[in-house]
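Every heavy atom of this structure was used, including side-chain atoms; hydrogens, water molecules and symmetry mates were not.
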Amino acid sequence: MMTPGVVQIPGDVSVSEAALLLEKEQVPCLLVKDTETRFGLMTPADIVKKVVAQGLEPENVEVRSIMSKPVRFIEYDSALDEASALMASAGVSLLIVTQQNQPVGVLTARDLVLAPQRCQTRLATTLSILDGQQPDAKHEATITHLSHASATIESSARLLPGTSVILCFTIPGLNGPFSILGTILSSDTTPATQESLDQPRNPGVDVQFANMSPSDQTRIRAWVQQQRSIPPAHA
């Protein structure tokens, strides 16, 4: 549910430069690295409240003087409930998402409100990695969690964040196969060792869907809601 990518700037950048960067990158905030251990966040609200409302000139104000701190971080594979609890306890509406202590995205309170429902499943899919305009070789994969906006898949293919892929799969009870363009949001990037190379890799990766037709979104959403309403089987 995070917005992939984090734009990081030093603390001595002017607010006017930072505002232009916010507009250009279309991100909810900028991560300000003032020192090696001192971080802050700058949002449009900081500019309005701490610069414009005070009658200050943005080009004469450094972002370190208006940044919000401390910054709250959360690992990319944490549950949404954990993120919600952290926001509530810390009184913040933004979290920086990390993977192996490296910033990889931003999660906002709005993201949590709009979080689509997902269901657990085991759907076979073929995954094609896009190289330019032509799909790469197809890889077998399994969808383990599905919503109308994203999926978690297991695949032996090594996938890096930011990679564009196409997922082709069929959903029981729905006509026709789905062919959906997506972007890898997170992946298992643990450094390979000889031992790990000798073992079959099957890491879980998150895929954010893109350019889906309204019809496909509606059909998948309805199927997910139906699956979530089915009571679990008892032994």
CE of M42 to CZ of R64, rounded to nearest 0.5 Å, is 14.0 Å
What's the spacing between I66 CD1 and I47 CD1 if we round to 0.5 Å? 5.5 Å
Step through the shown structure and confirm whether more than 12 heavy atoms of other residues, nucleotides or ligands are within 6.0 Å of CG on N60. yes
Decide if atom CD of Q26 counts as having more than 12 heavy atoms of other residues, nucleotides or ligands within a radius under 6.0 Å. yes
Taking only residues two or more places apart in sequence, or in another chain, which ones meet E17 in a side chain to side chain donor-acceptor pair (under 3.5 Å)? S14
Positive for side chain to side chain contact (heavy atoms under 4.5 Å, CB included) with C168, one of T126, L127, I180: T126
Under the side-chain hydrogen bond (donor to acceptor under 3.5 Å, both in side chains) definition, can you give me all pairs with a residue in residues 43-54, not counting sequence neighbours? T43-D46, D46-K50, D46-S68
Please name the residue in the list V97, V6, V71 that meets the side chain to side chain contact (heavy atoms under 4.5 Å, CB included) test with P103. V6
Step by step, work out the side chain to side chain contact (heavy atoms under 4.5 Å, CB included) result for L95 and M87. CA-CA 8 Å; L95 300 176; M87 286 185 185; 3.8 Å; yes
Quick note, salt bridge (charged side-chain N to carboxylate O under 4.0 Å, His left out) partners involving residues 214-227, not counting sequence neighbours, are D216-R219
For residues 162-182, which residue pairs qualify under ring pair (Phe, Tyr, Trp, His ring centres under 6.0 Å), counting only residues two or more places apart or in two chains? F169-F178
Would you say CD of Q120 has more than 12 non-hydrogen atoms from neighbouring residues, nucleotides or ligands within 6.0 angstrom? no
Supply the atom-to-atom distance T125 OG1 to K138 NZ, rounded to the nearest 0.5 angstrom. 11.0 Å
Within this structure, what is the OG-CD1 distance for the pair S147 and I220, rounded to the nearest 0.5 Å? 8.5 Å
Any residue meeting side chain to side chain contact (heavy atoms under 4.5 Å, CB included) with E59, in chain and number order, not counting sequence neighbours: S16, E57
How long is the straight-line distance from CD1 of I153 back to NE2 of H145, given to the nearest 0.5 Å? 13.5 Å
Quick one: ring pair (Phe, Tyr, Trp, His ring centres under 6.0 Å) pairs with a partner in residues 83-102, sequence neighbours left out? none
